[in-house]
Amino acid sequence: MDFSLTEQQRMFCDSVATFARKELADGALARAHTPEFPRDVARLMAGAGLLGITIPEADGGTGGTLMDAVLAIEQVARFCPRSADAVAEGSFGAIRVLAHFGTDDQKRRYLAPLLAGDELIVVAMTEPDAGSATTDLKTTATPDGKGFRINGSKVFPNPHADQYLVYVRYGPGTGGIGSVMLRRNAKGFSIGKPGKFMSGNDWAPIFFDNVYIPPEDVVLRAGGFKKQIQGFNAERIGNASRSLAYGLYCFNLAREYAKTRKQFGRLLCEFQGLQWKFADMKMKLDAAQLLLYRAASNADSGLPAPDETTVAKLMCNQAGFEVANEAMQIMGGLGYTQETLVDYCLRRCRGWMIAGGSVEMLKNRMAEFIFERHFSQRPPRAVS
Ligand SMILES: Cc1cc2nc3c(=O)[nH]c(=O)nc-3n(C[C@H](O)[C@H](O)[C@H](O)COP(=O)(O)OP(=O)(O)OC[C@H]3O[C@@H](n4cnc5c(N)ncnc54)[C@H](O)[C@@H]3O)c2cc1C
């Protein structure tokens, strides 16, 4: 067992940090307060080989590992937390489902513009009555000739995306779920009134009114749900990486602040009450980082193990939020302003405790791993 990064990984970290310091550090504050996805950054990242890190070279990616993507997110976020989104969107989640299960034609039409940084994809999964209970989704895909007609609605996706990977129901039960691709200009597709997340990012309900999906835009047919969830395990690593990276960002900022800010004629770092906060923060970050690195590096030899991914996401989500919160406290009134990125990191980290599997749902999963049995969350069936 070796807990240190390889020489190659250290060199990769250095080169990403150099790129991020030079290209992204300026404007980090403004970028964080822009509700739209930073498309200019995505194009820059594409040029630097930081989009599609986990996508095979044959599909236009850079053929790296999940661990490479985790390290890239960490290094980019050191200089511009918001820009880490571009790395995450380019390596985890919907893009990987497309790369894994898409046809060559779909990869050419949908994946290629994503990898060039020209387009953005998001997953459209959550519905008004199907949140944590994803498999209750009602959006239907009804056969029409060789294709399908989609009817239904989703909530919470980014309304500025170009492409949507939509979870649909071809038939009853979990086995009836699959997914299709569509672009925002599809006939019958509409975007409702945008709202704001606490992070400042936009979301909006989206509607499908008899949208025709040709057969070449079907990604997974009925029975595809389990495959999608495997993709989701990797998505959880992307979500966890940003929680951790944001926590590290806040820790470093608060540490520098405590080394220079004086009160009562002494540096903040000399007060034991604050030293203990730093000790707790460091403990949480180290634990989260080790769990995340374990999940990511073990996944590099196959698909991510669900138990390792679950515990890593839980720990990173909690550590990121708690550390950002403590950093804010340590930085006093300044921490609570928007002059630094601590408040932004805190708000983003809070969202990751809900998105991509809430902390409660992850704890339910952990109970299943611990007791090696399934616990249905549904009410018991009436005995007749
Ligand atoms: C920042 C952000 C970005 C998002 N982006 C997207 C996106 O791009 N695409 C998309 O489709 N969706 C997106 N979502 C939606 C997200 O996937 C859902 O919010 C999430 O699945 C929870 O569903 P819900 O909001 O309906 O909450 P509910 O499922 O109604 O849950 C409410 C509360 O009850 C808890 N709870 C529910 N069931 C149980 C249980 N069995 N045991 C214990 N506790 C339980 C939950 O943990 C939560 O705390 C995003 C959400 C956020 C916050």
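Order of appearance sets the numbers: ligands from 1, and atoms from 1 within every ligand. One is the number of the first residue; the rest follow in order along the sequence.
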Heavy atom of the protein closest to [atom] (residue, atom name, distance):
atom                    : value
atom 3 (C) of ligand 1  : F197 CZ, 3.7 Å
atom 40 (C) of ligand 1 : N364 ND2, 3.5 Å
atom 37 (C) of ligand 1 : S132 OG, 3.5 Å
atom 7 (C) of ligand 1  : V123 O, 3.6 Å
atom 12 (N) of ligand 1 : T126 OG1, 2.8 Å
atom 20 (C) of ligand 1 : I354 O, 3.8 Å

Return a yes/no value: protein heavy atom under 4.0 Å from [atom]?
atom                    : answer
atom 33 (C) of ligand 1 : no
atom 51 (C) of ligand 1 : yes
atom 9 (N) of ligand 1  : yes

Record the part of [X] in heavy-atom contact with ligand 1 below 4.0 Å; permitted values are side chain, backbone, both and neither.
X    : answer
Q377 : side chain
V359 : neither
W352 : neither

Is it the case that the side chains of [Y] and [X] hold a donor-acceptor pair, with the cut-off being a distance below 3.5 Å and no angle test?
X    : Y    : result
T65  : D68  : yes
S4   : D2   : yes
Q228 : S179 : yes
S243 : N317 : yes
N151 : N210 : yes
R255 : N252 : yes

Out of [options], who gets a non-hydrogen atom closest to [atom]?
atom                    : options                : result
atom 44 (N) of ligand 1 : M353, E360, E127, R350 : E360
atom 14 (N) of ligand 1 : F375, W203, F156       : F156
atom 21 (O) of ligand 1 : P128, A130, G131       : G131

Linking I/L/V/M/F/W/Y whenever their side-chain heavy atoms sit closer than 4.5 Å, directly or via other members, would V155 and F207 fall into one cluster? no
Polar contacts were defined as any N/O atom of the residue lying under 3.5 Å from an N/O atom of the ligand; does this apply to M125 and ligand 1? yes
Mutual orientation of the aromatic rings belonging to F208 and F189 [parallel < 30°, tilted 30-60°, perpendicular > 60°]: tilted
Quick one: does N158 get within less than 4.0 Å of ligand 1, heavy atoms only? no
Does ligand 1 have any atom that is closer than 4.0 Å to a heavy atom of M361? yes
Would you give the length of the straight line joining atom NZ of K313 to atom CD1 of I237, rounded to the nearest 0.5 angstrom? 12.0 Å
Quick check: do Q106 and L111 have side-chain heavy atoms less than 4.5 Å from each other? no
Do P157 and Y164 come close enough that some side-chain heavy atom pair is under 4.5 Å? yes
Give the atoms of ligand 1, by number and element, whose distance to some non-hydrogen atom of S358 is under 4.0 Å. 46 (C), 47 (O)
Sub-3.5 Å donor-acceptor pair from the side chain of E127 to the main-chain atoms of T139, do we have one? yes
